[in-house]
Trainee: 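Okay, here's the structure, questions in a sec.
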Amino acid sequence: MQKQLLPFYHHLIIIIFTFFTLQIEAEPLKEQLFTEQKDQQILPLKNICSGSPWANIVWIHVHDDEETAREVALQTLSHLQQGCLLDLQHGGSRDIYVQNADISYHFDPNRIFTQQGRQEAIKCDDGDCRLAMPELTQAVEQLISQYLQYAQLIVAVHNNHAHGLSILHYANGSAGANDTLQTAINPQQNPHNFFLVTSRQAYEFLSKRGFNVILQDNDQVQDDGSLSVWAAHKKIDYINIEAERGHNANQVEMLHAVWAYMQTYYLK
Ligand SMILES: [Zn+2]
């Protein structure tokens, strides 16, 4: 009996959750401007909170052009009346562009969390960009010490597009397979909607609920400076929600599963 009721119950929760997420007017969210001791704000970060922050959990949005991910995360926080989203806001582009008196350069903000990643990520546009590395390193270290180093769970929200990244990129024989320990693919799910996680605990929890999930190989993964690699080095539980742009309902459903995971393992 319980087994028969579960799918209905699950759907009912999602419908109610989606309704409230879409219908309830957003509560005012507190924005704390992230400040750096420099003229140039290299990582223009806002910590947007609804109610009180979680002590050990960080939600983060790094690609400013991935609007669905930001919108759904903020709506969800507003509904939950707790938690914060660390949001990089840098003019609506994927890359962050830095320009000062001496140099100009740009980088992908999800390739800067390790030294090796930063070295490869910095793309020089003008001037002597040797100066870029120390100032970017300082900004990243400040971000980490202020927000990430004591996190037990980091949830990153991303979007891809119909012809972009999908879980098939990580399947056997594909480019990302070497970085992957295990992959759960549900053929009934859109391959663009998937989780990438660093813990078997999260892998089991999410794959059992019918989602596409990739378990990163934390020992073999290529150091590209992404947050998942940094989290693996620090042994932090990390969940990346990848959903296709504009698929708000899917992203709501995925965040709802993460909320259930948070309640099971972190907010008891
Ligand atoms: Zn992204």
Side-chain angles (χ1 to χ4, degrees), residues 13 17 20-22 24-37 41-64 66-90 96 109-110 112-113 138-159 195-199 201-202 205-206 226-228 230-243 248 251-268:
I13 292 283
F17 189 79
F20 276 103
T21 302
L22 297 175
I24 286 184
E25 195 159 324
E27 288 293 315
L29 298 169
K30 269 191 237 161
E31 292 190 2
Q32 301 167 346
L33 266 177
F34 179 76
T35 53
E36 293 175 26
Q37 304 303 314
Q41 199 179 58
I42 296 169
L43 296 175
L45 201 58
K46 284 185 177 175
N47 196 29
I48 306 172
C49 301
S50 173
S52 53
W54 294 299
N56 50 0
I57 300 167
V58 173
W59 286 16
I60 185 167
H61 175 258
V62 297
H63 289 138
D64 204 5
E66 297 175 0
E67 192 53 42
T68 305
R70 172 191 286 123
E71 192 183 307
V72 171
L74 290 177
Q75 285 173 343
T76 304
L77 290 178
S78 183
H79 170 64
L80 297 175
Q81 295 276 292
Q82 55 182 307
C84 300
L85 178 71
L86 213 49
D87 188 18
L88 271 170
Q89 299 182 3
H90 43 93
I96 292 181
N110 197 30
I112 59 172
F113 291 95
Q138 188 185 18
V140 172
E141 285 176 353
Q142 191 180 345
L143 185 165
I144 288 171
S145 67
Q146 192 166 349
Y147 291 108
L148 302 180
Q149 66 178 340
Y150 299 117
Q152 292 178 303
L153 171 66
I154 296 173
V155 178
V157 292
H158 288 270
N159 291 133
F195 293 99
L196 186 150
V197 303
T198 60
S199 76
Q201 176 180 274
F205 187 94
L206 296 165
S226 63
L227 190 51
S228 70
W230 179 84
H233 290 171
K234 300 291 180 188
K235 303 199 181 321
I236 295 172
D237 199 1
Y238 168 92
I239 298 176
N240 174 2
I241 302 176
E242 276 281 353
N248 295 53
Q251 202 137 34
V252 167
E253 191 178 359
M254 294 169 87
L255 266 174
H256 178 250
V258 168
W259 171 239
Y261 179 76
M262 287 163 58
Q263 289 177 299
T264 303
Y265 293 106
Y266 292 98
L267 299 174
K268 279 191 277 191

Trainee: Under 4.5 Å between any side-chain heavy atoms of His79 and Gln75, yes or no?
Mentor: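 The answer is no, as the side chains (C-beta and beyond) never meet within the 4.5 Å cut-off.
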Trainee: Where is the tightest heavy-atom contact between Gln152 and Asn56, given as atom of each residue plus distance?
Mentor: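 Looking at all heavy atoms of both residues, the closest pair is OE1-ND2, 2.7 Å.
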Trainee: Between Phe205 and Tyr261, what is the ring plane arrangement, given parallel below 30°, perpendicular above 60°, and tilted in between?
Mentor: perpendicular
Trainee: Quick check against the 3.5 Å criterion: does His61 have a side-chain atom that pairs as donor or acceptor with the backbone of Glu71?
Mentor: no
Trainee: First locate atom NE2 of His158, then atom CG of Asn240, and finally report the distance between them rounded to the nearest 0.5 Å.
Mentor: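 His158 atom NE2 to Asn240 atom CG measures 4.5 Å (nearest 0.5 Å).
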Trainee: Taking the side chain as every heavy atom from C-beta outward, state whether Leu88 and Asp64 have any atom pair closer than 4.5 Å.
Mentor: no
Trainee: I'd like to know whether Trp259 forms a side-chain contact (heavy atoms from CB on, under 4.5 Å) with Leu267, so could you lay out the CA-CA distance, the side-chain angles of the two residues, the decisive distance to 0.1 Å, and finally the verdict.
Mentor: CA-CA 10 Å; Trp259 171 239; Leu267 299 174; 3.5 Å; yes
Trainee: Would the distance check show the side chain of Asp87 and the main-chain N or O of Lys46 forming a donor-acceptor pair, the cut-off being under 3.5 Å?
Mentor: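 Flag not set: sc Asp87 to bb Lys46 has no pair under 3.5 Å.
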Trainee: Which heavy atom in Tyr147 sits nearest to a heavy atom in Val58, and how many Å separate them?
Mentor: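 Looking at all heavy atoms of both residues, the shortest contact is O-CG2, 3.3 Å.
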Trainee: Looking only at heavy atoms, what is the nearest atom pair of Val157 and Ala73, with distance?
Mentor: CG2-CB, 4.3 Å
Trainee: How long is the span from the CG atom in Leu43 to the CG atom in Leu143, to the nearest 0.5 Å?
Mentor: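 Result: 6.0 Å between the selected atoms.
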Trainee: Decide yes or no for Leu227 and Leu148: does some side-chain heavy atom of the first lie under 4.5 Å from some side-chain heavy atom of the second?
Mentor: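 A side-chain contact under 4.5 Å exists here.
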Trainee: Determine, step by step, whether Ile239 and Leu153 satisfy the side-chain contact (heavy atoms from CB on, under 4.5 Å) criterion, reporting the C-alpha distance in whole Å, the side-chain angles of both residues, the deciding distance to 0.1 Å, and the verdict.
Mentor: CA-CA 8 Å; Ile239 298 176; Leu153 171 66; 4.1 Å; yes
Trainee: Which atom pair, heavy atoms only, marks the closest approach of Asn159 to Glu66?
Mentor: N-OE1, 3.0 Å
Trainee: Are a donor atom and an acceptor atom from the side chains of Tyr266 and Asp237 found within less than 3.5 Å of each other?
Mentor: yes
Trainee: Can you check whether Ser78's main-chain N or O pairs, donor with acceptor, with Gln81's side chain at less than 3.5 Å?
Mentor: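 Flag set: sc Gln81 to bb Ser78 pair under 3.5 Å.
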Trainee: Do Leu80 and Trp54 have side chains that get closer than 4.5 Å, going by heavy atoms?
Mentor: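 Of all side-chain heavy-atom pairs linking Trp54 with Leu80, at least one is under 4.5 Å.
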Trainee: Can you check whether Ile236's main-chain N or O pairs, donor with acceptor, with Thr198's side chain at less than 3.5 Å?
Mentor: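 Answer holds: yes.
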